[in-house]
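Below, chains carry the letters A, B, ... as their sequence lines are ordered, and counting in each starts from 1.
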Amino acid sequence: SLTSKLDAVLKKFKGRGLLTEKDLEEGLREVRLALLEADVNFKVVKSFIERVKGRAMGREVMESLSPGQQVVKIVYEELCAVMGEGSKGLQLSPNLPTVIMLVGLQGSGKTTTAGKVARMFKQDGRKALLVAADIRRPAAVKQLEVLGEGLKVPVYTPDTGKDAVAVCTGGVEYGKKYGHDVVIIDTAGRLHIDDELMKELICIKDKVSPNEVLLVVDAMTGQDAVNIATHFNESLDITGVILTKLDGDARGGAVLSIRHVTGKPIRLLGMGEKLDQLEPFYPDRMASRILG
Amino acid sequence: LSRWKKVDPALLDELEEVLISADTGVLVAEKLIDKIRKDKMNDPAAVKEAIKEGMINILTEHEGALNLPDAGPAVVVIVGVNGTGKTTTIGKLSERLRREGKKVVIAAADTFRAAAIEQLVIWGERSGATVIRHTGGADPAAVVFDALAAAKARGADILIVDTAGRLHTKVNLMEELKKIRRVLEREHPGSPHEILLVLDATAGQNSLVQARFFSRDIGITGIVLTKLDGTAKGGIIFSIMEELKIPVKMIGVGESIEDLRDFHAKEFVEALFE
Ligand SMILES: Nc1nc2c(ncn2[C@@H]2O[C@H](COP(=O)(O)OP(=O)(O)OP(=O)(O)O)[C@@H](O)[C@H]2O)c(=O)[nH]1
Ligand SMILES: Nc1nc2c(ncn2[C@@H]2O[C@H](COP(=O)(O)OP(=O)(O)OP(=O)(O)O)[C@@H](O)[C@H]2O)c(=O)[nH]1
Ligand SMILES: [Mg+2]
Ligand SMILES: [Mg+2]
């Protein structure tokens with residue numbers, strides 16, 4: 001564990017009196033390794049370690065009988081602080097329908113998450129509508145239709161020849177017309193560096209004024225999380241992040257990177273392939289997971 | 001890097017960061033940089049070239065193209081965690097084989113995920129391959145059994161098996177893969193000839209864990225690294241190569257049918273530094 005690694009490193013210095021700054025830096029190298037191994041972006045790690053060091057230079061650590069334990073406590077507290085508020089999920093806006101737009105890279109889990117979000121609102125007695133705006137991926141519309149069928153949630157699908165923007169505006173109008181409480185838009189996966197496709201998202205946002213633009217991110221995302229989050233946030237001013245596939249053993253350091261560069265809240269966690277596997281976000285649990 | 005006039009610790013630190021930001025992980029980055037430190041080089045340009053050479057050496061240690069023998073049919077099984085690009089890669093591979101004059105049969109053995117079969121059927125149509133399928137919820141091993149029989153009956157050159165995405169931590173799902181492998185071994189001795197693990201270049205250190213588990217549980221003969229058209233560099237393959245000796249055989253560079261390329265170590269290393 002990180003605590004035992006840190007204790008081992010810092011113990012060899014304790015013998016000769018107070019810990020020095022140099023000793024502490026040796027211990028912080030272990031923290032750096034742990035965070036990098038957890039996929040936290042190296043720039044984010046640098047600035048995070050600086051903050052930890054600033055706090056760790058105090059007497060609580062330097063004169064402690066178990067400095068390793070003290071450092072881990074500070075790391076954990078700082079991680080929790082960066083994680084932000086815990087979140088139980090998504091709320092309806094006062095003006096109905098609430099429009100929620102899901103965006104993100106290819107394969108991150110948007111379509112599945114759209115189904116999960118629809119189920120969550122339905123469980124709450126709300127009338128949900130799914131909008132199948134991915135007209136690119138083979139059988140993407142069918143995939144959302146199958147999910148909607150299983151939930152008994154209607155799915156607004158494209159007329160042939162319509163583009164993604166038209167599907168979204170049509171879907172929201174349909175939702176308004178038939179009194180839906182929430183309209184959930186599933187968009188096609190795309191690269192943050194694909195200007196044309198990013199423009200498409202900006203256009204959709206412009207036309208339907210969503211209450212939520214949620215970035216769906218795979219928990220196993222590596223160093224690239226910074227690029228992805230920055231581009232999507234700068235283009236769309238996202239309102240939050242949904243992290244998926246946390247039922248695996250990925251440490252999820254991407255979350256720290258995303259929080260660091262966007263400051264946007266983590267709203268929900270995908271914990272499996274079934275539509276009931278959507279959970280609230282607990283910052284302290286995420287911090288423990290990243291620390292390993 | 002061109003602003004460095006001499007080799008000093010700051011330059012080496014910067015190079016280490018380039019590697020880490022490419023998802024090589026700290027161990028690989030330090031190993032490559034330490035070798036430079038030991039060799040006491042003093043020309044910055046030479047340093048970069050030496051690192052590239054060290055990286056190419058790791059990758060070429062265990063190289064290999066796709067092994068598709070004349071085995072009536074040769075069998076390729078595609079596996080990996082959820083969303084990495086397995087089904088799309090099969091569409092691309094099937095089209096490449098068609099252009100090589102090969103007859104391809106595809107087994108739609110993802111009987112779990114919504115519209116997985118429909119997605120694969122479209123790729124089959126696009127690449128002129130026959131897709132063998134059952135209804136949703138069927139036993140994947142049964143689909144594989146039937147697809148193998150159909151491939152033999154039709155004189156197909158290649159059978160490609162699409163499997164459902166699965167996290168390596170789910171024991172029952174890994175058992176399902178083992179069963180598929182056993183069916184192939186029993187019904188067509190010598191097969192499967194390739195078990196390809198599809199990894200997403202955007203993933204970080206977990207790709208190494210995935211490779212370890214899949215390798216241990218069903219054996220992996222090669223890797224396909226997808227989504228290299230993004231900004232992620234896929235540097236995790238150095239660790240995978242060193243620890244598991246599994247060659248990267250192909251890379252995915254986009255969502256279109258022709259976006260599949262053979263893996264070339266030198267090109268990969270050059271792209272990492274771009
Ligand atoms: N284990 C696990 N799998 C998930 C989770 N969320 C989604 N998946 C799976 O991940 C894969 C990709 O999910 P999709 O919903 O198709 O992803 P997507 O973002 O819509 O993909 P594109 O539309 O191609 O960009 C599927 O196999 C899903 O079942 C999760 O929380 N846990
Ligand atoms: N940019 C890019 N996208 C890719 C590449 N390969 C696949 N994709 C996209 O990634 C998404 C997921 O691809 P799939 O083929 O459905 O992945 P999968 O592994 O079969 O997914 P599951 O069966 O749900 O586990 C789709 O949107 C694909 O178009 C690639 O090389 N580059
Ligand atoms: Mg989708
Ligand atoms: Mg698939």
Segment of B:Glu16 engaging chain A (4.5 angstrom heavy-atom cut-off): side chain
Option in B:Ile20, B:Thr169, B:Ile117 with maximal non-hydrogen atom pairs under 4.5 Å from chain A: B:Ile20
Enclosure of B:Lys52 NZ (heavy-atom neighbours >12, cutoff 6.0 Å): yes
Contact class of A:Asn41 relative to chain B, heavy atoms under 4.5 angstrom: neither
Check against side chain to side chain contact (heavy atoms under 4.5 Å, CB included), B:Asp200 and A:Leu105: CA-CA 11 Å; B:Asp200 187 334; A:Leu105 252 54; over 6 Å; no
Within 6.0 angstrom of B:Arg126 CZ, more than 12 heavy atoms from elsewhere: yes
Region of B:Val81 in contact with chain A, defined by heavy-atom distances below 4.5 Å: side chain
Under 4.5 Å from any heavy atom of chain A - which part of B:Thr88: neither
Chain B interface, residue from A:Leu33, A:Asp247, A:Thr244 that has the most non-hydrogen pairs under 4.5 Å: A:Asp247
Positive for side-chain contact (heavy atoms from CB on, under 4.5 Å) with B:Thr202, one of A:Thr221, A:Val217, A:Leu191, A:Asn227: A:Thr221
Contact origin within B:Lys170 toward chain A - heavy atom pairs under 4.5 Å: side chain
Atom CZ of B:Arg261 with >12 non-hydrogen neighbours under 6.0 angstrom: no
Exam field: side chain A:Lys245 to backbone B:Asn82, donor-acceptor pair closer than 3.5 Å: yes
Pairs of heavy atoms under 4.5 Å with chain A: top-ranked of B:Leu27, B:Asp23, B:Asp229, B:Val209: B:Asp23
Proximal component of A:Asp194, with respect to chain B [non-hydrogen, under 4.5 Å]: neither
Chain B contact via A:Arg32 - which portion, at a heavy-atom distance below 4.5 Å: side chain
Region of A:Leu36 in contact with chain B, defined by heavy-atom distances below 4.5 Å: both
Pair A:Gln223-B:Lys233, side chain to side chain contact (heavy atoms under 4.5 Å, CB included): steps then yes or no: CA-CA 9 Å; A:Gln223 297 288 306; B:Lys233 303 290 184 176; over 6 Å; no
Side chain proximity check, B:Arg113 to A:Gln143, heavy atoms < 4.5 angstrom: yes
Which atom of B:Gly165 lies closest to which atom of A:Glu273, heavy atoms considered: O-OE2, 3.8 Å
Contact class of A:Lys43 relative to chain B, heavy atoms under 4.5 angstrom: neither
Distance, nearest 0.5 Å, that separates CG of B:Leu199 from CE of A:Met220: 8.5 Å
Closest heavy-atom pair and its distance - B:Ala115, A:Ala139: CB-O, 3.8 Å
Whether over 12 other heavy atoms sit under 6.0 Å from B:Lys178 NZ: yes
Leading residue by heavy atom contact count with chain A [cutoff under 4.5 Å; candidates B:Gly83, B:Gly136, B:Ala22]: B:Gly83
Heavy-atom proximity to chain A below 4.5 Å, by part of B:Thr231: both
Nearest non-hydrogen partners of B:Gly204 and A:Asp39, listed with the distance: CA-OD1, 3.4 Å
Residue, of A:Lys142, A:Gln106, A:Arg251, A:Glu145, that accumulates the most heavy atom pairs under 4.5 Å with chain B: A:Gln106
Closest approach of A:Val146 to B:Ala114 (non-hydrogen atoms, all atoms of both residues): CG1-CB, 3.7 Å
From B:Leu208 atom CG to A:Glu37 atom CD, the distance as rounded to the nearest 0.5 Å: 9.0 Å
Residues B:Glu255, A:Arg136; criterion salt bridge (charged side-chain N to carboxylate O under 4.0 Å, His left out); working and verdict: CA-CA 10 Å; B:Glu255 302 189 74; A:Arg136 202 166 297 118; 5.9 Å; no
